[in-house]
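Data block below; observations after.
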Amino acid sequence: VCSIFESIGLPIYCADDRAKFLIKEDPNLKKRIIDLLGPESYLDNGEYNRAWVGKKVFADRQKLEALNHLVHPAVHKDAEEWFQKQNANYAIYEAALIIEGKTQDTFDALICVTAPKELRINRVMKRNGITREAVENRINKQSSDNEKRKHCHFEIINDEQHFLIPQVYRINKILQDRITNPVV
């Protein structure tokens with residue numbers, strides 16, 4: 001979905017990619033993660049020990065929340081700086097945990113991309129090379145699609161049955177119209 005928005009000229013801020021970058025490159029964030037989870041959080045070569053951290057935090061909701069309270073503010077600050085540099089009519093902030101992070105009110109509009117649970121599980125297993133149990137554990141820590149729908153202005157159905165491009169173009173047209181013809 002983001003690739004389609006990007007192909008029509010919209011800048012995309014991928015929160016997950018930036019979080020990975022900041023976790024590795026931001027010395028303050030790195031120190032705080034080590035303080036929270038221990039030196040095993042990083043490998044000897046300085047790389048983030050994603051597998052070890054994932055096992056630790058997805059088995060302990062409090063540790064997951066504590067880690068999120070470190071990473072999310074760093075990502076939000078980075079995103080604010082990024083958005084200030086954009087020249088498009090609007091830009092996309094792509095993230096999985098907007099509702100969980102209670103940041104939905106910071107955006108003018110939310111687009112929820114949904115897919116059946118089984119399809120999502122298979123996609124993540126294939127993309128990340130992780131087990132079904134690991135994927136289900138992560139999904140169970142997220143808000144349900146029904147909860148997300150309560151906060152979203154638009155929904156894109158990504159179920160391999162609905163065409164994505166027309167859905168993206170429809171939303172883009174609505175958002176562009178709002179910008180050029182704002183309601184007073």
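By convention here, the first residue in the shown sequence is residue 1.
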- Item | Arg32 side, atom CZ; Ser41 side, atom OG - distance, nearest 0.5 Å | 13.5 Å
- Message: Using 0.5 Å steps for rounding, measure from the CD1 atom of Ile4 to the CD atom of Glu6.
- Response: 11.5 Å
- Exactly one of Asn89, Ile171, Ile8 clears side-chain contact (heavy atoms from CB on, under 4.5 Å) with Gln176, and that residue is Asn89
- Under 3.5 Å, is there a donor-acceptor pair between the Glu40 and Asn49 side chains? no
- Looking only at non-hydrogen atoms, find the nearest pair between Glu94 and Cys14 and report the distance. OE1-SG, 3.2 Å
- Message: For the SG atom of Cys112 and the NE2 atom of His151, what is their distance to the nearest 0.5 Å?
- Response: 10.5 Å
- Message: Just so I know, are the side chains of Leu36 and Lys63 near enough to count as touching, which here means a heavy-atom distance under 4.5 Å?
- Response: no
- Message: What verdict does the side-chain contact (heavy atoms from CB on, under 4.5 Å) test give for Met125 and Thr131, after you've listed the backbone C-alpha separation in whole Å, the side-chain angles of each residue and the deciding distance to 0.1 Å?
- Response: CA-CA 6 Å; Met125 286 171 51; Thr131 66; over 6 Å; no
- Task: List the atom of Phe154, the atom of Leu175, and the distance in Å for their closest heavy-atom pair.
- Result: CE1-CD2, 3.8 Å
- Task: Would you please test His153 and Ile111 for side-chain contact (heavy atoms from CB on, under 4.5 Å) and show each step?
- Result: CA-CA 6 Å; His153 303 89; Ile111 302 168; over 6 Å; no
- Working for salt bridge (charged side-chain N to carboxylate O under 4.0 Å, His left out), residues Lys30 and Asp26: CA-CA 6 Å; Lys30 191 173 181 176; Asp26 181 326; over 6 Å; no
- Note on the structure: Nearest heavy-atom contact between Asp145 and Ala115 is OD2-O, 3.8 Å
- Item | Asn140 atom CG, neighbour heavy-atom count above 12 within 6.0 Å | yes
- Query: With side chains defined as the heavy atoms from C-beta onward, is the minimum distance between Thr106 and Tyr93 less than 4.5 Å?
  - Reply: no
- Should Val75 and Ile92 be counted in the same cluster of Ile, Leu, Val, Met, Phe, Trp and Tyr side chains packed under 4.5 Å apart? no
- Search all heavy atoms of Ala88 against all heavy atoms of Gly9 and return the closest pair with its distance. CB-O, 4.5 Å
- Polar side-chain atom of Gln142 near backbone of Ala96 as donor-acceptor pair, under 3.5 Å: no
- Item | Tyr169 side, atom OH; Leu164 side, atom CG - distance, nearest 0.5 Å | 12.0 Å
- Query: In the single-linkage hydrophobic clustering (I, L, V, M, F, W, Y; side-chain heavy atoms under 4.5 Å), do Leu97 and Ile12 co-cluster?
  - Reply: no
- Message: For a 4.5 angstrom cut-off between non-hydrogen side-chain atoms, does Phe83 reach Pro11?
- Response: no
- Query: Would a 4.5 Å heavy-atom cut-off, applied to side chains only, mark Asp60 and Lys56 as touching?
  - Reply: no
- Item | Minimum side-chain heavy-atom gap Tyr13-Arg18 below 4.5 Å | yes
- Flag, side chain of Asp78 to backbone of Ala74, donor-acceptor distance under 3.5 Å: no
- Message: For the CG atom on Asn87, are there more than 12 heavy atoms of other groups (residues, nucleotides or ligands in this structure) within a distance under 6.0 Å?
- Response: no
- If every non-hydrogen atom of Ala95 is compared with every non-hydrogen atom of Ile98, which pair is closest and at what distance? CB-CG1, 3.9 Å
- Message: Just so I know, are the side chains of Asp108 and Tyr90 near enough to count as touching, which here means a heavy-atom distance under 4.5 Å?
- Response: no
- Look at atom CD of Glu25 and say whether more than 12 heavy atoms of other residues, nucleotides or ligands are closer to it than 6.0 Å. yes
- Task: Treating Ile, Leu, Val, Met, Phe, Trp and Tyr as nodes and any side-chain heavy-atom pair under 4.5 angstrom as an edge, say whether Leu43 and Ile23 lie in one connected cluster.
- Result: no
- Query: Is there a path from Ile174 to Ile165 through hydrophobic residues (I, L, V, M, F, W, Y) whose side chains come within less than 4.5 Å of each other?
  - Reply: yes
- Item | Cluster link Val53 to Val135, ILVMFWY, side chain under 4.5 Å | no
- Check the surroundings of atom CD1 in Ile34: do more than 12 heavy atoms from other residues, nucleotides or ligands lie under 6.0 Å from it? yes
- Any side-chain heavy-atom pair of Phe58 and Arg138 under 4.5 Å: yes
- Candidate list Glu155, Lys148, His162, test side-chain hydrogen bond (donor to acceptor under 3.5 Å, both in side chains), partner Thr114, passing option: Glu155
- Got a second to check how far Ile156's CD1 is from Gln167's CD, nearest 0.5 Å? 6.0 Å
- Go through the steps to decide whether Glu136 and Arg132 satisfy the test salt bridge (charged side-chain N to carboxylate O under 4.0 Å, His left out), and finish with yes or no. CA-CA 6 Å; Glu136 288 176 339; Arg132 168 178 287 282; 3.4 Å; yes
- Tell me, yes or no, whether the heavy-atom count around Gln62 atom CD, taken from other residues, nucleotides or ligands under 6.0 Å, exceeds 12. no
- Message: Once rounded to the nearest 0.5 Å, what's the spacing between atom CG of Leu37 and atom CG of Leu70?
- Response: 8.0 Å
- Is the closest basic N to carboxylate O distance between Lys85 and Glu81 below 4.0 Å? no
- Message: Is a donor from one side chain sitting under 3.5 angstrom from an acceptor on the other, for Asn146 and Lys150?
- Response: no
- Side chain proximity check, Asn158 to Arg123, heavy atoms < 4.5 angstrom: yes
- List the steps, then state whether side-chain contact (heavy atoms from CB on, under 4.5 Å) holds for Leu67 with Ile33. CA-CA 7 Å; Leu67 180 61; Ile33 291 170; 3.9 Å; yes
- Message: Using the rule given for side-chain hydrogen bond (donor to acceptor under 3.5 Å, both in side chains), can you reason through Asn137 versus Lys141, listing the C-alpha separation, both sets of side-chain angles and the distance that settles it, and then say yes or no?
- Response: CA-CA 7 Å; Asn137 198 17; Lys141 302 258 187 315; 3.0 Å; yes
